[in-house]
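Here the structure is laid out as structure tokens; the discussion comes afterwards.
Every chain is numbered from 1 and lettered A, B, ... according to where its sequence line falls, protein lines coming before strand lines. Model, not experiment: these values are computed from the prediction.
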Amino acid sequence: MEGKVSKKVKPVALVDCNNFYTSCERVFNPKLWGKPIVVLSNNDGMIIARSNEAKELGIKMGEPLFKAEEIIKKHNVYVFSSNYTLYGDMSHRVMTTLEHFSPEVEIYSIDEAFINLEGFSHKDLTDYCRLIRNTVRKWTGIPVSIGIAETKTLAKLANRFAKKVSSNKGVLNLYGIENKDYYLKNTEVADIWGIGRQYSKLLNLQNIFTALDLVNANEKWIKKKMTVMGLRTVLELKGIPCIEYEYFPPAKKAIVSSRSFGQTVKDIASVKEAIAFFVTRASEKMRAQKSSANLLSVFLRTNPFKKEAQYHNGVLIQLPVPTDSTSELISFAMKGVEQIFRIGYQYYKVGVMLSGLVPTKRSQTSIFDTENRLKMAKITEVVDEVNKKMGSNTLFYAATGINRKWRTRADMRTPKYTTDWEQLPVVSAKEFEII
DNA sequence: TCTGGGGTCCTAGGACCC
DNA sequence: TCTGGGGTCCTAGGACCC
């Protein structure tokens, strides 16, 4: 393999929404432009998104809310509980807009997409991406940055500079630039896509601090210490594409539903309710991708941040036949809870995982199988249908309870502006001028 | 007082088989 | 006292991503 970039390598763009969650909050509340904003994790526990103004105040990513309380009060930082219904819908709008510009868009995460720009090489890619950026802003209100290069990893790297260096105006095109040393030298290894905390530490010990150092490192050593994944990252930094596009997301291999509680619970009844609720959610997701589970695991634990008696446990249940039935899964899960529940602990988080997923139509039915599967499937279908039309949780299994004292906290949630007729924003003419 | 949730891939090592 | 070689499958743990 040559170290040189071949002429045939195609351009790829990475589009990344700037501070996505905070931008979503701003779209429907223009007064927030220019103000420091943070968005909280589930349960209002920690800070998972910050506007630039909040970053400048020194508020850190992943910081527990209470640690930032002082800065927040002093500088009037706006604080929001996360509102995934809103963010999911805004994400969809952004992605739909991108699809106007290329038939090949890979939705990589809620706020990022790769665009295959093969076939657009006759255009000025920088201009084209600037047009994309302006259109997304106009149609959705969301600001994005775009990096262009020969590989996904380099496009990610370019994107950082597009965002960080204001003279780039949100777009940086490194495609076809033979010598990228300046950009590699000014990127710390921890900021490379695919290099996390542990690998950064390891690399720093070897005097490898920047992307340029990494490109010049010994490939054999990289492979030995960081597996083929690490080697792949290095090759991508050299301009050799190793990561394919995934235009159609493959079915998930496991589906998890879990949550920490708004307040800890001690009784098995509450734990059971919560588990039944999570089974319901997970199996809904599973049916949406037309899978059935062979395995169900149930886990529970106390709060590891507290200095109190700790208990973590889980159980893996092999199901007699693959199933996608909520009621059947709940009944197995309840037995699981009885097995691992111990009295005397403050339970803080519980959850379930469905795994060993197989396509539903091909799942085998065992000759020992006595359940009336057809009837159960019918019930499940009706429940899904009603909940889809009337709102999730309109119909629910009694096992999930009514009081739900374990319910997640979200004291600062904005309305579902875009997905609920009752919560459409009311705008005055003045507020409607979008910047 | 107060710390998220949901995924992926790779590897080493054990179990098991011939 | 002595203790093969090679293959497959599975799982746990560790790394990463957003």
Side-chain angles (χ1 to χ4, degrees), chain A residues 14-17 19-21 38-49 59-70 72-73 79-84 87-88 91 106-114 152-153 156 159 189-203 222-233 236 242-244 246 249-264 278 281-282 285-286 289 294-295 297 299 301-308 314 316 318 346 348-357 408-412:
Chain A
L14 173 72
V15 182
D16 191 323
C17 300
N19 312 324
F20 184 54
Y21 296 170
V38 298
V39 175
L40 305 178
S41 65
N42 266 309
N43 247 331
D44 295 343
M46 65 190 210
I47 291 159
I48 56 167
I59 296 174
K60 291 192 208 74
M61 179 71 170
E63 195 169 35
L65 177 59
F66 68 89
K67 284 192 184 164
E69 208 82 61
E70 214 178 304
I72 288 173
K73 284 214 181 96
V79 180
F80 295 94
S81 301
S82 44
N83 183 344
Y84 286 101
Y87 310 151
S91 171
E106 173 187 340
I107 299 172
Y108 174 68
S109 74
I110 193 164
D111 67 340
E112 284 173 77
F114 290 104
K152 286 181 167 181
T153 305
K156 276 267 198 183
N159 191 288
V189 284
D191 293 328
I192 300 168
W193 188 43
I195 311 286
R197 283 263 290 279
Q198 301 307 314
Y199 285 158
S200 295
K201 246 191 270 174
L202 177 76
L203 290 168
I222 296 291
K223 187 177 173 192
K224 193 172 152 213
K225 294 289 187 179
M226 299 165 64
T227 82
V228 295
M229 304 295 278
L231 184 57
R232 202 176 74 169
T233 297
E236 284 246 328
C242 304
I243 307 173
E244 294 295 315
E246 250 177 26
K252 302 211 181 321
K253 296 171 177 173
I255 293 171
V256 173
S257 181
S258 72
R259 201 113 329 158
S260 47
F261 298 146
Q263 51 183 130
T264 57
F278 296 137
R281 288 190 37 141
K285 272 195 230 168
M286 181 169 67
Q289 66 165 40
N294 275 294
L295 298 165
S297 37
F299 61 89
R301 71 160 194 240
T302 49
N303 188 343
F305 293 103
K306 284 210 167 178
K307 285 190 195 113
E308 58 188 28
L316 180 67
Q318 168 80 55
Q346 298 279 351
Y348 164 77
K349 178 175 183 175
V350 308
V352 304
M353 177 161 76
L354 299 171
S355 55
L357 301 189
T408 293
R409 208 168 28 228
D411 297 332
M412 293 155 278

Rounded off to whole Å, could you give me the [atom1]-to-[atom2] distance for the [X] and [N] pair?
X: Ile47(A); N: dC2(B); atom1: CD1; atom2: P; value: 17 Å
X: Lys349(A); N: dC2(B); atom1: NZ; atom2: P; value: 17 Å
X: Glu63(A); N: dC2(B); atom1: CD; atom2: P; value: 17 Å
X: Tyr21(A); N: dG5(B); atom1: OH; atom2: C1'; value: 10 Å
X: Ile110(A); N: dG6(B); atom1: CD1; atom2: P; value: 13 Å
X: Leu354(A); N: dG7(B); atom1: CG; atom2: P; value: 10 Å
X: Ile59(A); N: dT3(B); atom1: CD1; atom2: C1'; value: 16 Å
X: Glu112(A); N: dC18(C); atom1: CD; atom2: P; value: 6 Å

Where the side chain of [X] is defined as all heavy atoms beyond and including C-beta, which of [options] is the nearest nucleotide?
X: Asp111(A); options: dG6(B), dA15(C), dC18(C); value: dC18(C)
X: Tyr199(A); options: dG4(B), dC16(C), dG7(B); value: dC16(C)
X: Ser260(A); options: dG6(B), dA15(C), dG5(B); value: dG5(B)
X: Tyr108(A); options: dA15(C), dT3(B), dC17(C); value: dC17(C)
X: Phe305(A); options: dG6(B), dG4(B), dC2(B); value: dG4(B)
X: Lys156(A); options: dT8(B), dG5(B), dC18(C); value: dC18(C)
X: Ala254(A); options: dA15(C), dT3(B), dT8(B); value: dT8(B)
X: Lys306(A); options: dC17(C), dC2(B), dT3(B); value: dC2(B)
X: Ile255(A); options: dC16(C), dG7(B), dT3(B); value: dG7(B)
X: Ser257(A); options: dT3(B), dG5(B), dG6(B); value: dG6(B)

- The dot-bracket string of DNA chain B, counting Watson-Crick and G-U wobble pairs with both distances under 3.5 Å, using [ ] for crossing pairs and | for pairs to another strand, is ....||||||||||||||

Show me the protein contacts with nucleotides 9-13 of chain C, counting only N or O atoms at under 3.5 Å.
none

- Message: Using heavy-atom distances to pick each residue's nearest nucleotide on DNA chain B, tell me which of Glu246(A) and Tyr84(A) is more 5'.
- Response: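 Looking at DNA chain B, the more 5' nearest nucleotide goes with Tyr84(A).
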
- Message: Taking the nucleotide of DNA chain B with the nearest heavy atom to each, does Lys285(A) or Met46(A) sit closer to the 5' end?
- Response: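 Nearest nucleotide further toward 5': that of Met46(A).
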
- Query: Would you say Asn42(A) and Arg259(A) make side-chain contact, with heavy atoms under 4.5 Å?
  - Reply: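 With C-beta onward as the side chain, the pair touches.
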
- Is Arg232(A) close to Met226(A) at the side-chain level, that is, under 4.5 Å between some pair of heavy atoms?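 Side-chain contact under 4.5 Å: no.
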
Within the structure shown, what part of the strands sits under 4.0 Å from [X] by heavy-atom distance: base, sugar-phosphate, or nothing?
X: Phe278(A); result: nothing
X: Ile192(A); result: sugar-phosphate
X: Lys223(A); result: nothing

- Message: Is there a side-chain contact between Lys67(A) and the phosphate of dT1(B), meaning an N or O under 4.0 Å from OP1 or OP2?
- Response: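 False: Lys67(A) side-chain N/O out of range (4.0 Å or more) of dT1(B) OP1/OP2.
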
- Query: What is the distance from atom CG of Leu40(A) to atom CD of Glu63(A), rounded to the nearest 0.5 Å?
  - Reply: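 Nearest 0.5 Å value for the CG-CD distance: 11.5 Å.
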
- Any chance you could measure Trp193(A), atom CH2, to Glu112(A), atom CD, to the nearest 0.5 Å?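 Trp193(A) atom CH2 to Glu112(A) atom CD measures 8.0 Å (nearest 0.5 Å).
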
- Any idea how Tyr84(A) and Tyr21(A) line up, ring-wise: parallel (<30°), tilted (30 to 60°), or perpendicular (>60°)?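 If you compare the ring of Tyr84(A) with that of Tyr21(A), the planes turn out perpendicular.
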
Kindly say whether [Y] contributes a backbone atom to a donor-acceptor pair with the side chain of [X] at under 3.5 angstrom?
X: Asn19(A); Y: Ala49(A); answer: no
X: Thr227(A); Y: Met229(A); answer: yes
X: Asn43(A); Y: Gly45(A); answer: no

- Message: Run Lys152(A) and Glu244(A) through salt bridge (charged side-chain N to carboxylate O under 4.0 Å, His left out) and show every step you take.
- Response: CA-CA 9 Å; Lys152(A) 286 181 167 181; Glu244(A) 294 295 315; over 6 Å; no

- Expressed as a whole number of Å, how far does the P atom of dT3(B) sit from that of dC18(C)?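 Taking atom P in both dT3(B) and dC18(C), they lie 25 Å apart.
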
- Asp44(A) and Ser81(A): which non-hydrogen atoms are nearest, and at how many Å?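 Between these two residues, the closest heavy atoms are OD1-OG, 2.7 Å.
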
- Residue pair Ile243(A) / Glu236(A): nearest heavy atoms and the distance that separates them: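 So the two residues come closest at N-OE2, 3.1 Å.
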
